[in-house]
Amino acid sequence: MDPVTIFFIATLMMLANGGVLGLMHKDLPLPMRPAAASWRIATLLFAGGSILFAAQGLNPPAYTLALANALVMFGFTGYLRALRQFYGLKDQLWVMVPAALGTVAVFWLTLGTADVGGRILTVSVVWSVLMVACIVVLVSQERRDGARSRRVMAGLFTAVALFVLFRAGYFVVIGVNPAFSVLGAGAWMNIATPMVAATLPVIGTTAFLLMCSERIRRQWERAASTDYLTGLPNRRTLVEMGLKRFEQARTSAASGGFGLAIVDIDHFKRINDEHGHEMGDVALKHVAGRLQSACRGAELPARQGGEEFVVLFDNLQLHDAPAAGERLRQAVAQAPFTAGDLVLPLTVSIGLAVLRADDTHFDSLLRRADEALYVAKATGRNRVEIAPERAMEPSSTGSGVGLPA
Ligand SMILES: Nc1nc2c(ncn2[C@@H]2O[C@H](COP(=O)(O)OP(=O)(O)OP(=O)(O)O)[C@@H](O)[C@H]2O)c(=O)[nH]1
């Protein structure tokens, strides 16, 4: 296949991919649309550059070659901008600088000095800088986003960057004939270049769409498992994790015990009534944060609903239960909730149950903790009540501090 045909086919594929992205635009969540728009514009710039390269066979005015190079350089800039937008990085002017400088240089080297080698080197440097910047953005997100599609994209940019460096080295070594043409059919490099350059607008667009769909899937998973107000795991996650830990603790001989605490804010209705529902929401977030900071290791705080939280404990034996409950109670009691000038001391009542041989289901543990919570509320609030060790035994291990209700 000759380079003109390859450039032509590549252009059609780029346009098709850009078109698919355009069709899907409104199906993407709003925050992803700016990145998708930038990616589409970049792909169209690539397509524009590619068709101008193909048109070199028709001997168009010399500036079209410089223009083709400029379009591709700004295409790379568009991909960098799209990736930065995708990861929420600020738009910055420097992103435009390599392509802008490269464009001035390429026009000069094409129309002024007709220095083909200089042009190839300039374009290679600009492409490499932009691709390295893209790779840095992708790699820097590793900790935040372990998505496979992000790694595929990073691999793609790396492969193209390595090819561009190889291509620059190749021309430096063999030297460039002043009569060089991008469509010179004899040079295999001229056939490889459009094929490799087309991978970004073509395969890259698919990888970009996969990145979008993977993020959407993760956001749905997070939304389904997290409480929207406090950011803690929600009731669904609580039940899932609770069932899992309950079964592990019952069936594993190595288990160090299992327990859970139901934590209920005292007189929370007053906060809503006196300071408004919105302030109540902020107070809920405050308590969630306090519980979260009081949890250790694999302890899992969750919002069960309303002003009630549940903490799942790992390796909890009955004799350690009062201290574990106290730790949670004090974490809330010792840090009053403040909002502007408002200082509101908050307390919680806690019912705690530790796995017993006759707990046949996770629900029975929850029910016993709830009964203990009822006792904690009824006997003064701001206290911890431990569910009895044996069925029907009256509660005696409460560690309440006995503040008046
Ligand atoms: N702001 C806000 N309030 C909520 C939310 N969910 C439940 N509530 C409120 O929490 C309050 C719970 O009141 P009650 O069940 O009477 O309990 P309480 O006032 O905390 O009293 P005790 O539990 O007996 O100490 C109600 O006023 C609910 O409207 C929420 O997401 N945000």
Side-chain angles (χ1 to χ4, degrees), residues 219-220 222-242 259-295 300-312 321-322 324-353 363 365-388 395 397-405:
Q219 284 175 345
W220 272 109
R222 204 176 311 128
S225 62
T226 310
D227 171 51
Y228 76 97
L229 179 68
T230 60
L232 289 184
N234 62 11
R235 187 178 168 79
R236 181 184 147 158
T237 313
L238 164 73
V239 172
E240 268 175 25
M241 294 302 293
L260 62 86
I262 302 185
V263 181
D264 188 288
I265 306 176
D266 297 326
H267 298 305
F268 186 66
K269 190 171 178 307
R270 283 187 200 161
I271 297 180
N272 275 341
D273 291 348
E274 290 169 21
H275 305 283
H277 202 269
E278 277 180 18
M279 192 60 84
D281 280 356
V282 188
L284 277 172
K285 284 196 231 176
H286 167 79
V287 173
R290 297 304 303 157
L291 292 177
Q292 200 158 29
S293 63
C295 283
L300 182 87
R303 184 173 177 211
Q304 152 124 302
E307 20 69 273
E308 202 167 88
F309 300 85
V310 171
V311 175
L312 299 179
E326 266 303 295
R327 174 160 43 91
L328 300 180
R329 190 193 66 76
Q330 285 178 18
V332 177
Q334 288 175 353
F337 164 60
T338 56
D341 292 341
L342 185 71
V343 180
L344 284 179
L346 287 178
T347 61
V348 290
S349 297
I350 298 178
L352 205 158
D363 277 350
L365 202 61
L366 268 176
R367 186 177 37 75
R368 289 198 300 110
D370 203 34
E371 286 166 3
L373 172 65
Y374 180 81
V375 177
K377 287 276 182 187
T379 52
R381 292 181 171 82
N382 189 21
R383 59 195 307 277
V384 179
E385 185 71 23
I386 311 296
S395 161
T397 45
S399 63
V401 293
L403 290 191

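Remember, it's a predicted structure, so these values are computed and weren't measured experimentally. Sequence positions, counted from 1, serve as the residue numbers for this chain. We count ligands from 1, going down the list as the structure has it; atoms in each ligand are counted the same way.
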> V348 and R290: side chain to side chain contact (heavy atoms under 4.5 Å, CB included), yes or no, with the steps?
Replying inline: CA-CA 11 Å; V348 290; R290 297 304 303 157; over 6 Å; no

>> One thing to verify: whether R368 and E371 come together as a salt bridge, which I'm taking to mean a side-chain N less than 4.0 angstrom from a carboxylate O.
In response: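 Judged by the 4.0 Å cut-off on N to carboxylate O distance, E371 and R368 do not form a salt bridge.
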
> Hey, is D227 close enough to R235 for a salt bridge, meaning N to O under 4.0 Å?
Replying inline: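 Salt bridge: no.
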
> Would you say H277 has any N or O atom under 3.5 Å from an N or O of ligand 1, going by distance alone?
Replying inline: yes

> Would you say the side-chain atoms of N234 pair up with the backbone N or O of A224, donor to acceptor, closer than 3.5 Å?
Replying inline: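 At least one qualifying donor-acceptor pair exists.
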
>> I'd like to know if the side chain of R222 and the backbone of S225 have a donor-acceptor N/O pair within less than 3.5 Å.
In response: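 Absent.
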
>> Exactly one of V332, L238, V263, I262 should register a side chain to side chain contact (heavy atoms under 4.5 Å, CB included) with F309. Which one does?
In response: V263

>> Using 0.5 Å steps for rounding, measure from the CZ atom of R383 to the CD1 atom of I350.
In response: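 Answer for the CZ-CD1 pair, R383 versus I350, is 11.0 Å.
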
Go through ligand 1 atom by atom and flag the ones less than 4.0 Å from a non-hydrogen atom of [X].
X: D264; result: 23 (O)
X: I265; result: 20 (O), 23 (O), 25 (O)
X: H267; result: 18 (P), 19 (O), 20 (O), 21 (O), 22 (P), 25 (O)
X: G280; result: 1 (N)

Measure the distance from [atom] to every protein heavy atom, then report the residue, atom name and distance (to 0.1 Å) of the closest one.
atom: atom 20 (O) of ligand 1; value: F268 N, 2.7 Å
atom: atom 13 (O) of ligand 1; value: K269 CB, 3.7 Å
atom: atom 24 (O) of ligand 1; value: R381 NH2, 2.8 Å
atom: atom 15 (O) of ligand 1; value: E307 OE2, 4.3 Å
atom: atom 7 (C) of ligand 1; value: G306 CA, 3.5 Å

> Counting heavy atoms only, which part of K377 comes closer than 4.0 Å to ligand 1: side chain, backbone, both or neither?
Replying inline: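 Contact part for K377 vs ligand 1: side chain (C-beta onward).
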
>> Heavy-atom pairs closer than 4.0 Å: do any link ligand 1 to the side chain of D273, the backbone, both, or neither?
In response: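 Under 4.0 Å from ligand 1, D273 contributes no heavy atoms.
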
> Non-hydrogen atoms of R303 versus ligand 1: any pair closer than 4.0 Å?
Replying inline: yes

> Among side-chain atoms of D264 and S349, is any donor-acceptor pair under 3.5 angstrom?
Replying inline: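 No, S349 and D264 have no side-chain donor paired with an acceptor closer than 3.5 Å.
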
> Can you tell which of T347, N272, D281, T230 gets a heavy atom nearest to atom 9 (C) of ligand 1?
Replying inline: N272

>> Take a 6.0 Å sphere around OH of Y374 and say whether it holds more than 12 heavy atoms from other residues, nucleotides or ligands.
In response: no

